Amino acid sequence: QLLLVESGGGSVQPGGSLRLSCEPSGLGLRHPDIGWFRQVPGKKREGVSCISASGRIWDWLDSAKGRFHISRAAAEGPVYLLMKRLKPDDTGDYSCATVEGCDLGMTATTAPTAAIHWGQGTRVVVSS
């Protein structure tokens with residue numbers, strides 16, 4: 001059974017950094033594309049970034065470009081989201097998910113529709 005487990009969330013002051021991890025298990029021979037998503041208070045879930053099994057990256061969320069960096073060391077290993085210069089508006093629940101494909105022309109708004117298997121999420125709070 002495919003499982004995704006997120007970790008690394010927590011509380012941080014504005015301007016701080018956090019690194020989220022998405023640990024997959026039960027992949028077998030599969031090497032899916034994996035995306036990071038978030039839901040901030042008062043808004044629908046949105047896509048942040050996506051990374052293919054080969055390491056190619058798509059950044060969906062304009063407000064995160066230049067601050068958030070998705071990475072993976074191996075096709076079957078964890079996927080990370082390094083978040084720098086965090087702002088209070090980044091507060092929310094962050095989840096990873098396997099996706100049908102990063103290269104489907106999705107936007108931050110439409111990306112969640114391509115998600116297949118979700119992790120349970122991890123909460124990020126940015127506050128002074």
Side-chain angles (χ1 to χ4, degrees):
Q1 181 181 0
L2 175 63
L3 290 175
L4 300 172
V5 179
E6 299 95 333
S7 62
S11 295
V12 64
Q13 292 187 340
S17 300
L18 284 174
R19 190 181 77 159
L20 307 182
S21 296
C22 172
E23 183 76 48
S25 62
L27 287 176
L29 298 178
R30 294 169 289 182
H31 300 298
D33 295 357
I34 292 180
W36 277 101
F37 303 80
R38 74 179 191 182
Q39 186 162 19
V40 301
K43 293 186 67 177
K44 292 183 178 180
R45 183 179 281 168
E46 56 192 356
V48 177
S49 294
C50 191
I51 189 166
S52 70
S54 63
R56 188 177 172 190
I57 292 170
W58 285 256
D59 291 318
W60 291 319
L61 188 62
D62 286 343
S63 65
K65 291 177 182 178
R67 300 189 298 125
F68 293 6
H69 305 279
I70 193 171
S71 64
R72 71 196 300 176
E76 65 275 12
V79 173
Y80 303 103
L81 184 68
L82 175 61
M83 305 186 295
K84 298 180 178 180
R85 303 196 304 278
L86 282 160
K87 305 174 182 179
D89 288 348
D90 295 317
T91 294
D93 293 319
Y94 287 71
S95 303
C96 63
T98 60
V99 299
E100 296 175 1
C102 296
D103 59 347
L104 298 179
M106 294 173 290
T107 66
T109 301
T110 62
T113 64
I116 303 171
H117 297 285
W118 291 92
Q120 85 287 351
T122 186
R123 179 155 292 179
V124 172
V125 177
V126 185
S127 174
S128 56

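Model, not experiment: these values are computed from the prediction.
- If you take OG1 on Thr122 and CD on Gln120, they are separated by 7.0 Å, rounding to the nearest 0.5 Å.
- Between the side chain of Arg45 and the backbone N or O of Val40 there is no donor-acceptor pair closer than 3.5 Å.
- Residues forming a salt bridge (charged side-chain N to carboxylate O under 4.0 Å, His left out) with Arg67 (at least two apart in sequence, or on another chain): Asp90.
- For Val124, the side chain to side chain contact (heavy atoms under 4.5 Å, CB included) partners at least two apart in sequence or on another chain are Leu18, Leu20, Met83, Tyr94, Val126.
- Hydrophobic clustering, with ILVMFWY side chains joined whenever heavy atoms are under 4.5 angstrom apart, keeps Ile116 apart from Ile34.
- Under a hydrophobic-cluster definition in which Ile, Leu, Val, Met, Phe, Trp and Tyr are linked whenever side-chain heavy atoms come within less than 4.5 Å, directly or via other members, Trp118 and Val48 are assigned to different clusters.
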Compile the donor-acceptor pairs under 3.5 Å between side chains in residues 95-106 and protein atoms, sequence neighbours left out, one pair per line.
unit_1	atom_1	unit_2	atom_2	d
Thr98	OG1	His117	N	3.1

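- Under the side-chain hydrogen bond (donor to acceptor under 3.5 Å, both in side chains) criterion, Lys87 pairs with no residue, sequence neighbours left out.
- Every residue meeting the side-chain hydrogen bond (donor to acceptor under 3.5 Å, both in side chains) condition with Ser52, not counting sequence neighbours, appears here in chain and number order: Ser54.
- Partners of Ser7 by side-chain hydrogen bond (donor to acceptor under 3.5 Å, both in side chains), not counting sequence neighbours: none found.
- Counting only residues at least two apart or in different chains, ring pair (Phe, Tyr, Trp, His ring centres under 6.0 Å) contacts with residues 49-80 comprise Phe37-Trp60.
- Considering only residues two or more places apart in sequence or on other chains, Arg123 meets the salt bridge (charged side-chain N to carboxylate O under 4.0 Å, His left out) condition with Asp93.
- For the side chain to side chain contact (heavy atoms under 4.5 Å, CB included) test, residues two or more places apart in sequence or in another chain that qualify with Glu23 are Pro78.
- A donor-acceptor contact shorter than 3.5 Å is absent between the side chain of Glu6 and the backbone of Ser21.
- Taking Lys43 as the reference, Glu46 meet the salt bridge (charged side-chain N to carboxylate O under 4.0 Å, His left out) condition, with sequence neighbours excluded.
- Under the side chain to side chain contact (heavy atoms under 4.5 Å, CB included) criterion, Thr107 pairs with Thr109, Thr110, not counting sequence neighbours.
- For residues 50-63, the salt bridge (charged side-chain N to carboxylate O under 4.0 Å, His left out) pairs, not counting sequence neighbours, are Asp62-Lys65.
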